[in-house]
Amino acid sequence: MGKYVITKRSNGEYQFNLKADNGQVILASEGYVAKSSCENGIESVKKNSPDDARYEKKTSTNGKYFFSLKATNGQIIGSSEMYESTAGRDNGIESVKKNGPAGTVDDQTA
């Protein structure tokens, strides 16, 4: 089962990474000023990650592939790493769909 790891950035903002069983980061959040907002972001991933319609598949300017997970209001909750192929990106989406809903939370800021 995957897990959400909450950390604090050097600028004081909170962020979370969703990690797969193998420890690889499969989704990274934006920065949040408040820890409670970061925790709300995790709840939003849990709720929205099973829904195919919430994923936006993109190609970066350097030709790599990635995706963003969006909430029902269209706001980006998290983004993936860069992938060499569309198949890699699609596997990343499947991993978020599998690990997102039931991931545990590891708060490393407490």
Side-chain angles (χ1 to χ4, degrees):
M1 181 179 4
K3 70 177 177 178
Y4 296 89
V5 179
I6 299 174
T7 56
K8 205 168 187 181
R9 294 179 176 175
S10 57
N11 65 1
E13 290 183 337
Y14 294 89
Q15 73 174 41
F16 66 84
N17 288 321
L18 174 58
K19 294 187 174 187
D21 290 339
N22 62 7
Q24 184 179 2
V25 174
I26 51 177
L27 192 73
S29 76
E30 63 182 354
Y32 297 95
V33 175
K35 187 194 280 191
S36 60
S37 299
C38 185
E39 292 166 340
N40 288 342
I42 290 171
E43 290 307 311
S44 188
V45 173
K46 287 183 176 188
K47 184 175 124 195
N48 289 289
S49 58
D51 187 348
D52 282 331
R54 298 281 172 253
Y55 292 90
E56 186 175 1
K57 297 177 181 183
K58 300 180 178 182
T59 306
S60 68
T61 53
N62 66 359
K64 305 253 184 183
Y65 304 95
F66 69 105
F67 64 87
S68 295
L69 176 63
K70 293 187 168 187
T72 49
N73 65 4
Q75 198 171 24
I76 293 175
I77 313 165
S79 298
S80 73
E81 66 179 0
M82 296 292 169
Y83 295 95
E84 296 294 328
S85 67
T86 56
R89 177 187 62 200
D90 293 347
N91 286 341
I93 290 171
E94 289 306 312
S95 187
V96 172
K97 286 168 67 175
K98 178 182 145 213
N99 291 284
T104 59
V105 177
D106 177 8
D107 185 350
Q108 297 186 351
T109 67

Taking all non-hydrogen atoms of both residues, which atom of Tyr14 and which atom of Cys38 are closest, and how far apart? CB-CB, 3.9 Å
If you group Ile, Leu, Val, Met, Phe, Trp and Tyr whenever their side-chain heavy atoms sit less than 4.5 Å apart, what else falls in with Val5? none
Qualifying salt bridge (Lys or Arg N to Asp or Glu O under 4.0 Å) pairs with a residue from residues 69-79, counting only residues at least two apart or across chains: Glu56-Lys70
Would you be so kind as to tabulate the donor-acceptor pairs closer than 3.5 Å made by side chains of residues 102-110, with sequence neighbours excluded?
residue : atom : partner : partner atom : Å
Asp106  : OD2  : Gln108  : NE2          : 3.2
Asp107  : OD1  : Thr109  : N            : 2.8
Asp107  : OD1  : Thr109  : OG1          : 2.5
Asp107  : OD2  : Lys35   : NZ           : 2.8
Thr109  : OG1  : Lys35   : NZ           : 3.0

Does Pro101 have any side chain to side chain contact (heavy atoms under 4.5 Å, CB included) partners at least two apart in sequence or in another chain, and if so, which? Ser49, Pro50
Can you give me every donor-acceptor pair (side chain of residues 71-79, partner residue at least two apart or in another chain, under 3.5 Å) with its distance?
residue : atom : partner : partner atom : Å
Asn73   : OD1  : Gln75   : N            : 2.9
Ser79   : OG   : Ser68   : OG           : 3.4

Which pairs count as ring-ring contact (aromatic ring centres under 6.0 Å, His included) when at least one residue sits in residues 32-51, sequence neighbours excluded? none
Please enumerate all residues that pass side-chain hydrogen bond (donor to acceptor under 3.5 Å, both in side chains) together with Arg89, with sequence neighbours excluded. none
When rounded to the nearest 0.5 angstrom, what distance separates CG in Asn48 from NZ in Lys97? 13.0 Å
If I compare all heavy atoms of Asp21 with all of Gly2, which pair ends up nearest, and what's the gap? OD1-N, 3.6 Å
Hits for side-chain hydrogen bond (donor to acceptor under 3.5 Å, both in side chains) against Lys57, two or more places apart or cross-chain, chain-then-number order -> Asp90
The side-chain hydrogen bond (donor to acceptor under 3.5 Å, both in side chains) partners of Asn99 (sequence neighbours excluded) come to Ser95
Would the distance check show the side chain of Ser29 and the main-chain N or O of Gln15 forming a donor-acceptor pair, the cut-off being under 3.5 Å? no
With sequence neighbours left out, which residue pairs that include part of residues 59-94 fulfil the ring-ring contact (aromatic ring centres under 6.0 Å, His included) condition? Tyr55-Phe67
Got a sec: does the NZ of Lys47 have more than 12 other heavy atoms crowding it under 6.0 Å? no
Pairs meeting criterion salt bridge (Lys or Arg N to Asp or Glu O under 4.0 Å) with involvement of residues 10-19, two or more places apart: Arg9-Glu13
Measuring from Ile26:CD1 to Ile93:CD1, what's the distance to the nearest 0.5 Å? 11.5 Å
If you count the non-hydrogen atoms of other residues, nucleotides and ligands that lie under 6.0 Å from NZ in Lys98, is the total more than 12? no
When rounded to the nearest 0.5 angstrom, what distance separates NZ in Lys64 from OG in Ser80? 12.0 Å
With sequence neighbours left out, write down each residue that passes side-chain hydrogen bond (donor to acceptor under 3.5 Å, both in side chains) with Glu43, or none if nothing qualifies. none
